[in-house]
Protein chains: 2
Amino acid sequence: MTKRLTTIKDIAKTLGISVATVSRAMRDTYDVSAETRKLVLDTAAKMNYRPNFNATGLVKSGTHKIAVIIPAITNYYFSTVITGIQEYALEHNYQVMLYLTNDSAYWETKVVRELSLSSVDGLLACITYETADFSHFQELIEADVPLVFFDRVPESVSTSVVVQDDYTGACLATEHLIAQGYSRIAHLAGPRGLNLTQQRLQGYLDTLKKHNLESYGVIHSGFSDENGRHDMGILFNSTSKPDAIFSVNDRKAFGAILWLREQGILVGEEVGVIGFTNDPISKIITPSLSTIAEPAYEIGRKSCEVLIKHIQKQSYPVQEISLPTELIIRASTQRGADFNTFNLSKKR
Amino acid sequence: MTKRLTTIKDIAKTLGISVATVSRAMRDTYDVSAETRKLVLDTAAKMNYRPNFNATGLVKSGTHKIAVIIPAITNYYFSTVITGIQEYALEHNYQVMLYLTNDSAYWETKVVRELSLSSVDGLLACITYETADFSHFQELIEADVPLVFFDRVPESVSTSVVVQDDYTGACLATEHLIAQGYSRIAHLAGPRGLNLTQQRLQGYLDTLKKHNLESYGVIHSGFSDENGRHDMGILFNSTSKPDAIFSVNDRKAFGAILWLREQGILVGEEVGVIGFTNDPISKIITPSLSTIAEPAYEIGRKSCEVLIKHIQKQSYPVQEISLPTELIIRASTQRGADFNTFNLSKKR
DNA sequence: AATAGTAGCGAGAACGTTATCGAAACCAGA
DNA sequence: TCTGGTTTCGATAACGTTCTCGCTACTATT
């Protein structure tokens, strides 16, 4: 098919030395004189030599590849995490293989099971919101395959995880709503069973309790803006309507804002909305969305770092890393100012 | 490190047959009886056998992997393209390796040059907007490495490309602005040198000419909303101000809308804005953005399909595929209605 | 009964690299 | 001159798989 590439043998032949010497020279190890080393390196460059990773991978078990298994990449959070993973990996000479599960547990198990362990050194995974059976991951752990979870992590398997501090973030969000004078607070929650859903819900509930407030409703559903929009209809159909919404993520909060605008309800003034992520859209939407910022890029880098450390020495202890979040205050939780029209109709 | 995996030899030994027979049985080829085949397959499953891709890759040249080289993934278009690539690849038993260049020509050449050709069967690339020297790609082509470009394609190298119809899309956008009654039209253009920048600019210019209109300004810069915002300041600083903006992409159009809003200029009513991409944000921003929809997902699938065909038979002819775009009319190019306030302050 | 053909299997080389071991060459000290 | 130590290098086996051959046994044909 493609032209034959130059191998270590070719170099050895043209130089009249053995392949062993060439191999040693390439890797800058012991037992090779400075002259021959330079000679080998020069002719290797001249002959446009590239190492064959299949061969090296065969003899030393270990490809320099890691697999990233993730529900999707078409949103701010995931794409930013991947960017962090990618950069850390490349800096440390690892290559990343990407697998999208499309939030399907079927695809996830299929990918994980069929993933030939001879083709990657380790796995970085973020589970789907359907995943209830973790046996496919358990098998990997029992086979001593390095594995770290990020963002959405299972509770039952014992391996390293890297997440943002979901609980504290939810507390910050709820505290902020209360401080702004909202008291009838509802929560647009994520899919049940996900650790992150539980953590954010718990932070919300605990903060309400601390202030002797009652929840004005919790609805579990998916992460899309359409989910948010739909759930708002249900929430506001009751007799006791909320005056503020804490959404499990920004996308659902966008749906909430869109719904409120359609209903002619003033966002901020009448109903406060706060999200979770700090998606760039939150700055663009009208009114701009207050939110809890997640360190997506750092989560990518950190989880990749932990994985590579696990790969490089199996004695590396299991980590449970939680990165801090931050409250970002924008217009959607402000009263008093008419942020809704946002100068849109003001003439020069 | 990790536990020793079961190999074809282990299966042969426990069954008392030769490795050759096992190998043939696994691949369902000739010269093996139905009984032994079943026997081999059963014990392979029982022993949890996984093929070692390093070994197969060594003997048959050909890993089932493709490399995707892309400037970034943290935006709608690129992440959607990747999703399409990924899905087509997985369906056809190829695995994708991801490389982000971060729009740096330095990183691009580094990645392409260091990419061991023994570890991938082909490349899918979208160049950075800095890339002026294409020798790193030229080398691959000369080495007969399958390579296809998508979206941002170089003109000088002769290989398959998959793009959207940028020229016609730009014509559609400009025609639409004119049809809506705008006549003083300016263009927020992309970085110079990119084919897509040239195509969209040309479509814009040709359509103006067709209607005997003059351009009210063309400014080249990057793709970010910040670029768009900045360029608007320049555009409106002249004595002859435009009454409509055609932006090379949606992100810059968002910047333009934000800038207009800050200036108290009514978007749509006073100044029309149209983008290019159909980023989901275009539905969320106020007013919603008219745009030219790109078939990002299909471009991903199609370019992956072309690449795999190139890999599978080297006689496959070079393709130049251009996928159609579509005009999406929203509020930012409508006059008459007060879309800017968008019911925001309307009480129930 | 002799031959030819075929189905099923095994032995061994090969892919490109690294690791182990030993050999050669050189040098220093006695 | 001999011994011992170091430095530098080569031969060879291994990694797990596929591929090419050749061998055996069986069936069909004459």
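In what follows, every heavy atom counts, from backbone to side chain, and hydrogens, waters and symmetry copies are set aside. Proteins come first, then strands; the chains are lettered A, B, ... in the order of their sequence lines, and each starts at number 1.
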For the side chain of [X], counting heavy atoms from C-beta on, which of [options] is nearest?
| X | options | result |
| --- | --- | --- |
| A/Ala20 | D/dG16, C/dT17, D/dG10 | D/dG10 |
| B/Thr7 | D/dG10, D/dG16, D/dT8 | D/dG16 |
| A/Arg24 | C/dG10, C/dT20, C/dT17 | C/dT20 |

Tell me the interatomic distance from [X], atom [atom1], to [N], atom [atom2], rounded to whole angstroms.
| X | N | atom1 | atom2 | answer |
| --- | --- | --- | --- | --- |
| A/His64 | C/dT17 | NE2 | C1' | 15 Å |
| A/Arg37 | D/dC9 | CZ | P | 12 Å |
| B/Arg50 | D/dC15 | CZ | P | 21 Å |
| B/Arg27 | D/dG16 | CZ | P | 17 Å |
| A/Asn52 | C/dT18 | CG | C1' | 13 Å |
| B/Phe53 | D/dT18 | CZ | P | 10 Å |
| B/Ile8 | D/dA14 | CD1 | P | 19 Å |
| A/Lys9 | C/dT17 | NZ | C1' | 9 Å |

Does a nitrogen or oxygen in the side chain of [X] sit under 4.0 Å from OP1 or OP2 of [N]?
| X | N | answer |
| --- | --- | --- |
| B/Ser23 | D/dT18 | yes |
| A/Thr36 | D/dC9 | yes |
| A/Lys60 | D/dA14 | no |
| B/Thr56 | D/dT17 | no |
| B/Ser33 | C/dC9 | yes |

Bend angle of the helix from C/dA1-D/dT30 to C/dA30-D/dT1, end axes from five pairs each (to 10°):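 Axis-to-axis angle, ends of the helix: 60°.
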Under 3.5 Å side-chain donor-acceptor pair for A/Asn102 and A/Ser104: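 No, because no side-chain N or O of A/Asn102 sits under 3.5 Å from a partner of the opposite role on A/Ser104.
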Distance-only side-chain donor-acceptor flag, A/Thr83 / A/Thr80, under 3.5 Å: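 On atom types as modelled, these side chains do not qualify, holding no pair under 3.5 Å.
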Which residue lies more 5' along DNA chain C, comparing A/Leu58 with B/Val22 via nearest heavy atoms: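 Looking at DNA chain C, the more 5' nearest nucleotide goes with B/Val22.
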B/Ser18 vs A/Asn54, nearer the 5' end of DNA chain C by closest nucleotide: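 It is B/Ser18, whose closest nucleotide lies nearer the 5' terminus.
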Whether A/Asp103 side chain and A/Tyr129 backbone form a donor-acceptor pair below 3.5 Å: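 Yes, A/Asp103 side chain to A/Tyr129 backbone: donor-acceptor pair under 3.5 Å.
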A/Ser160 (side chain) donor-acceptor with A/Gln319 (main chain) under 3.5 angstrom: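 At least one qualifying donor-acceptor pair exists.
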Lys/Arg N to Asp/Glu carboxylate O, B/Glu35 vs B/Lys38, below 4.0 Å: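 B/Lys38 and B/Glu35: not salt-bridged.
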Cationic N near anionic O, under 4.0 Å, A/Glu298 to A/Arg301: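 Salt bridge between A/Glu298 and A/Arg301, a charged N being under 4.0 Å from a carboxylate O: no.
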Which residues share a ring-ring contact (aromatic ring centres under 6.0 Å, His included) with A/Tyr49, sequence neighbours left out: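 So A/Tyr49 forms no ring-ring contact (aromatic ring centres under 6.0 Å, His included) with any residue.
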Pair B/Tyr94 and B/Tyr88, ring centroids less than 6.0 Å apart: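 Not under 6.0 Å, so no.
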